[in-house]
Number of protein chains: 2
Amino acid sequence: MNRILIIDDDIELCDLLTEYFTQEGFEVKAAHDSETGISQALLDEASLIVLDVMLPGQSGFEVLRHIREHSKVPVVMLTARGDEVDRIVGLEMGADDYLPKPFNPRELVARIRAIQRRAVTSHESHEPEAGKTLKVGDCELDPGARTVLLAGNSIELTAVEFSMLEILLRNAGQVVDRETLAKKVLGRRLSPFDRSIDVHVSSLRKKMGHQPNGSERIKTIRGTGYQYLVSH
Amino acid sequence: MNRILIIDDDIELCDLLTEYFTQEGFEVKAAHDSETGISQALLDEASLIVLDVMLPGQSGFEVLRHIREHSKVPVVMLTARGDEVDRIVGLEMGADDYLPKPFNPRELVARIRAIQRRAVTSHESHEPEAGKTLKVGDCELDPGARTVLLAGNSIELTAVEFSMLEILLRNAGQVVDRETLAKKVLGRRLSPFDRSIDVHVSSLRKKMGHQPNGSERIKTIRGTGYQYLVSH
DNA sequence: CCCGGTTTGACAATCAATTGAAATGCCATG
DNA sequence: CATGGCATTTCAATTGATTGTCAAACCGGG
């Protein structure tokens with residue numbers, strides 16, 4: 001059901017989280033080393049895994065790799081450093097989110113909930129009806145049907161455009177940085193001279209036109225990324 | 001100033017890079033084995049190190065470990081293509097970026113520049129405490145949406161202004177000295193005649209106007225730094 | 001081989017950060 | 001109270017970087 005697997009060698013932390021999560025209505029299982037973690041993970045009983053990057057023996061990245069060879073279960077990584085690179089690498093290897101230690105358990109729970117909400121709607125592969133449509137303003141995107149309606153009128157998007165819009169809508173009102181966008185939409189790291197993202201944004205904008213109120217739908221946050229504007 | 005140390009046993013490559021970097025305005029120093037590399041690195045003359053993973057004798061990882069015991073200088077690792085594990089290990093040990101060989105020198109330069117610039121944006125994405133909006137008096141700053149509201153009205157800030165305000169708000173009521181501000185906001189140390197900070201403060205003030213009670217929002221602490229005033 | 005889609009490269013346009021120079025204001029000193 | 005030195009402020013100009021857009025090259029699937 002809603003079972004979380006925590007892989008972290010810090011037993012105190014595990015206990016703390018276990019208590020907290022239980023209160024929040026999750027079932028919890030903890031593993032304190034990589035091997036146990038991996039085998040637990042592969043039992044496929046957990047609906048989400050919280051994984052520490054810093055583990056004795058095999059690193060959390062190794063564990064993630066093993067898990068990913070067999071399973072698409074959502075993974076949140078914990079790390080000591082708030083380092084941008086870690087985040088990118090983690091996401092590159094298929095982590096779903098990332099939280100620098102020390103963190104507030106409440107925030108972890110919030111992120112977990114967010115991921116599970118997301119998990120329901122994305123990953124089209126093994127669940128046909130997995131897609132609840134995303135609605136932001138006059139824009140409706142149906143991941144299952146791969147359709148987009150603007151004020152009721154359907155528009156045609158290419159694969160990349162569609163997935164880019166999907167990401168932006170899922171984070172409507174929030175800034176999505178270019179690295180993340182590249183990773184999720186193009187499936188690769190953005191290299192310095194890569195103009196793809198810009199080009200796709202450009203064509204998305206062209207196809208989508210403006211908001212009912214006349215403003216751009218996708219706002220550029222110079223030096224950072226883009227943001228789907230929520231008009232209210 | 002801007003000196004790069006290259007540690008790579010491939011002398012041809014070093015020469016190539018040296019030439020390229022020199023053209024780009026860097027000073028370059030090269031070391032072709034681990035020992036020389038480490039001792040050079042510990043002289044602390046380089047503002048950034050480019051380090052090959054594959055070195056005869058001690059591996060690049062060893063070198064990195066030695067360097068990290070004494071220094072936080074940014075390090076870019078060169079790895080064999082496709083060897084994901086290497087990259088991961090490297091990053092875990094505190095490298096700041098990686099680039100799979102073979103690479104385009106231009107890309108390396110671009111990444112180096114990005115790292116040197118990174119301080120500006122790094123804390124904007126995933127700092128501890130990120131996610132919640134900061135509220136001080138009538139001022140609300142939302143790092144995720146990158147918005148600032150003053151008494152409910154939104155104002156537009158540039159990247160540096162935003163990040164500067166974020167820092168000031170996080171330390172509201174406390175003095176933030178110019179050095180710290182420069183380091184966190186601009187990602188570099190302040191040189192004697194650098195007035196960037198002042199200018200940014202100036203434009204922040206202009207954009208933000210005064211407190212509801214008429215006083216300046218950002219107070220100058222002469223000879224020290226600035227302070228966001230908490231009006232009560 | 002053709003076709004749509006994606007990426008790349010060039011160029012233009014835009015915007016922000018820095019620098020220079022001058023103005024202002026603060027403080028200490030006589 | 002006037003003055004000079006120094007730090008800060010501000011404005012304008014410059015420089016530099018990022019992004020928008022077009023068109024051509026590329027790529028993989030029919």
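- B/T147 and B/D142 form no side-chain donor-acceptor contact under 3.5 Å, judged by distance and modelled atom types alone.
- Nearest heavy-atom pair, B/I49 versus B/A46, reported as atom, atom and distance to 0.1 Å: CG1-CB, 4.4 Å.
- Residue A/E161 contributes atom CD, which lies 9 Å from atom C1' of C/dG5 at whole-angstrom precision.
- Comparing the end axes of the helix from C/dC1-D/dG30 to C/dG30-D/dC1, each fitted to five base pairs by superposing C1' atoms of four pairs onto the next four, gives an inter-axis angle of 30° (nearest 10 degrees).
- Using a 4.0 Å cut-off, no side-chain N or O of B/T220 falls inside it from OP1 or OP2 of D/dA7.
- Rounded to an integer number of Å, the gap from B/K207 NZ to C/dC15 P is 12 Å.
- Partners of A/L149 according to the side chain to side chain contact (heavy atoms under 4.5 Å, CB included) rule, which considers only residues two or more places apart in sequence or in another chain, are A/E140, A/S154.
- Between B/Y226 and D/dA7 there is no side-chain N or O to OP1 or OP2 distance below 4.0 Å.
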Using a cut-off of under 3.5 Å, enumerate the N/O to N/O pairs linking the protein to nucleotides 18-20 of chain C.
from, atom 1, to, atom 2, distance (Å)
C/dT18, OP1, B/R188, NE, 3.4
C/dT18, OP1, B/R188, NH2, 2.0
C/dT18, OP2, B/R188, NH2, 3.4
C/dT18, OP2, B/S196, OG, 3.4
C/dT18, OP2, B/H200, NE2, 3.1
C/dT18, O5', B/R188, NH2, 3.3
C/dT18, O5', B/S196, OG, 3.4
C/dG20, N7, B/R195, NH2, 2.6

Detail all sub-3.5 Å separations between protein N/O atoms and N/O atoms belonging to nucleotides 23-29 of chain C.
from, atom 1, to, atom 2, distance (Å)
C/dG25, N2, B/R222, NH2, 3.3

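- Listed nucleotides: D/dT8, C/dA16, C/dG5. Nearest to the side chain of A/T158: C/dG5.
- Nucleotide C/dT14 holds its C1' atom 15 Å from the CD1 atom of A/I221, rounded to whole Å.
- Between B/L190 atom CG and C/dA17 atom P there is a gap of 16 Å when expressed in whole angstrom units.
- For A/F162, there are no ring-ring contact (aromatic ring centres under 6.0 Å, His included) partners, not counting sequence neighbours.
- Listed candidates were D/dT19, D/dT9, C/dA17. Nearest to the side chain of A/R178 is D/dT19.
- Following rounding to the nearest Å, B/I218 (CD1) and D/dT10 (P) show an atom-to-atom distance of 11 Å.
- Atoms CG (A/L204) and C1' (C/dT6) sit 14 Å apart, rounded to a whole Å.
- Annotation: side chain of B/V176 is not in contact with side chain of B/M164 (no heavy-atom distance under 4.5 Å).
- Considering only residues two or more places apart in sequence or on other chains, A/N213 meets the side-chain hydrogen bond (donor to acceptor under 3.5 Å, both in side chains) condition with A/S215.
- One can place NZ of B/K219 at 13 Å from P of D/dT9, the figure rounded to the nearest angstrom.
- Taking the side chain of A/D198 as heavy atoms from C-beta on, and the options D/dT21, D/dC22, D/dT9, the nearest nucleotide is D/dT21.
- Every residue two or more places apart in sequence or in another chain was checked for a side-chain hydrogen bond (donor to acceptor under 3.5 Å, both in side chains) with B/S59, and none qualifies.
- Legend: salt bridge (Lys or Arg N to Asp or Glu O under 4.0 Å) pairs involving residues 217-232 of chain A, not counting sequence neighbours, sorted by first then second residue: A/D138-A/R217, A/K219-B/E156.
- Using a 4.0 Å cut-off, no side-chain N or O of B/K206 falls inside it from OP1 or OP2 of D/dT9.
- Listed by chain and number, the residues in a salt bridge (charged side-chain N to carboxylate O under 4.0 Å, His left out) with B/R111 are B/D97, B/E107 (sequence neighbours excluded).
- In this structure B/S196 satisfies the side-chain hydrogen bond (donor to acceptor under 3.5 Å, both in side chains) test together with B/D194, sequence neighbours excluded.
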Listed pairs under 3.5 Å, donor-acceptor, residues 10-20 of chain B side chains, sequence neighbours left out:
from, atom 1, to, atom 2, distance (Å)
B/D10, OD1, B/E12, N, 3.1
B/D10, OD1, B/L13, N, 3.0
B/T18, OG1, B/C14, O, 2.6

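- Taking atom CE of residue A/M164 and atom C1' of nucleotide C/dT7, one finds them 13 Å apart after rounding to whole Å.
- Applying the 4.0 Å criterion to OP1 and OP2 of D/dT21, one finds that A/S202 has a side-chain N or O inside that range.
- Scanning for side-chain hydrogen bond (donor to acceptor under 3.5 Å, both in side chains) contacts around B/S191 gives an empty result, with sequence neighbours left out.
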